[in-house]
Amino acid sequence: VAALKAAVAAATAKALAEEQIAKEFADDAEQRTALVAALKTLDGVITSWNGAAEQIFGYPATDAISRSIAIILPVDRLQEEGRLRATIADGRRVPSFETQRRRQDGVLIDVSVACSPIRDRQDRIVGVSSIVRDISETKRRELARRNAERSYRTLFEQAPVGLAVVDRSGRIVEANDHLCGILGYAPFALEGRYFGDFVAESAPGQGERVIETLAGGGDTDTQWRLRRRDGAIIDVEAAATTMPDARTLTIVRDVTERHRS
């Protein structure tokens, strides 16, 4: 029971993390990932500092303007800034890349940076336009997604019961090795198969009813008779629970021997 609950919890955490990542891009437009526009001379002196820069880095414009851009650079990124200015001085743009910057309180944050040359009316390069985007929250969410995926994958593959993720049409999206063994198939051989194909129809329409159970949502517990690859009929206890992405996590335990004894 504990293993089943853990598998369900892991699957839920994975789906929620993926959903949060998708929402993140819409949220960014209005929250801390607002674009920072900072203008500086080729010597790195800040000449313009917008409201988003104040919010993200903590320096008011009055404190930032006329100071070196080094106030937001971690020590190990000073050479990076020199290379950026050299590229700009050569008349080239710096496409967006990921790096780190430092807030006024000393906290390091993950950012993406893009730079372009500023030219005067004689087309001489006189400064640098920097666009900085705070991606700290994006990074945090991506790490949470990877951790949820890792936990889910470990539990899914090592569960002492058969597990399958089934879409609303009844197709098996993924199945663990234990379920493949119960049904007599090699690993990964069940993916893409229709779950109803494995139902031993002791009554007309039983296969369709199993699929309806899986697609109906909510949590269900029932007993089925399934047909192995070699044609043998086995008794199983099955539970199905709907995941946040509307797919169904199906849990199968072979109880054939118990029924025979």
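None of these values were measured; they are calculated from a predicted model.
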Test log, rule side chain to side chain contact (heavy atoms under 4.5 Å, CB included), inputs Ile233 and Leu226: CA-CA 6 Å; Ile233 306 299; Leu226 302 182; over 6 Å; no
Interatomic spacing from CG in Leu249 to OG1 in Thr241 - rounded to 0.5 Å: 7.0 Å
Listed partners of Ser116 passing side chain to side chain donor-acceptor pair (under 3.5 Å), at least two apart: Arg93
Step-by-step side chain to side chain contact (heavy atoms under 4.5 Å, CB included) determination, Leu42 to Val128: CA-CA 6 Å; Leu42 287 176; Val128 184; 4.0 Å; yes
Atom pair CD1/CD of Ile109 and Glu137 - distance to nearest 0.5 Å: 12.0 Å
Distance in Å, Leu84 CG paired with Arg77 CZ, rounded so as to fall on 0.5 Å steps: 11.0 Å
Any Asp177 side-chain heavy atom under 4.5 Å of Glu157 side chain: no
Shortest non-hydrogen contact between Cys115 and Ser130, atoms and distance: SG-OG, 3.5 Å
Check: Arg253 main-chain N/O paired with Glu237 side-chain donor or acceptor under 3.5 Å: no
Verdict with supporting geometry, Arg101 and Phe57, side chain to side chain contact (heavy atoms under 4.5 Å, CB included): CA-CA 9 Å; Arg101 291 296 181 258; Phe57 292 111; 3.6 Å; yes
Salt bridge flag under 4.0 Å for residues Arg171 and Asp167: no
Donor-acceptor contact present, side-chain Asn176 to main-chain Val161, <3.5 Å: yes
Contact summary for Gly184 and Arg228, nearest pair of heavy atoms: N-NH1, 3.5 Å
Glu142 with Lys139: basic N within carboxylate O range, under 4.0 Å: no
Over all atoms of both residues, closest heavy-atom pair of Ser96 and Ser112: OG-CB, 3.7 Å
Inter-residue atom distance Ile46.CD1 - Ile65.CD1, 0.5 Å rounding: 8.0 Å
Co-membership, hydrophobic cluster, residues Val173 and Leu163, 4.5 Å side-chain: yes
Considering all heavy atoms, the nearest Arg102-Leu108 contact: CB-CD2, 3.8 Å
Under-4.0 Å salt bridge between Glu149 and Arg146: no
Side chain to side chain donor-acceptor pair (under 3.5 Å) partners of Asn147, counting only residues at least two apart: Arg150
Distance (rounded to the nearest 0.5 Å) between Leu143 CG and Arg145 CZ: 10.0 Å
Arg103/Tyr59 under side chain to side chain contact (heavy atoms under 4.5 Å, CB included): CA gap, chis, key distance, verdict: CA-CA 8 Å; Arg103 289 174 42 87; Tyr59 290 97; over 6 Å; no
pair Leu179-Tyr185: side-chain heavy atoms closer than 4.5 Å: no
Minimum-distance pair of heavy atoms, taken over all atoms of Ile125 and Ala89: CD1-O, 3.7 Å
Path from Phe97 to Ile56 over hydrophobic side-chain contacts below 4.5 Å: yes
Glu174 bridged to Arg247 by N-O distance under 4.0 Å: no
Asp43 side chain vs Val45 backbone, donor-acceptor pair below 3.5 Å: no
Arg227 NZ/CZ over Phe198 ring centroid, <6.0 Å and within 45° of normal: no
Side chain Thr242, main chain Thr248, donor-acceptor under 3.5 Å: no
Closest non-hydrogen atom pair, Ser169 against Tyr194: O-CE1, 3.2 Å
Glu80 and Arg83 ion-paired at < 4.0 Å: no
Positive for side-chain contact (heavy atoms from CB on, under 4.5 Å) with Arg85, one of Ile69, Asp90, Val94: Ile69
same_hphob_cluster(Leu78, Val132) at 4.5 Å side-chain heavy-atom cutoff: yes
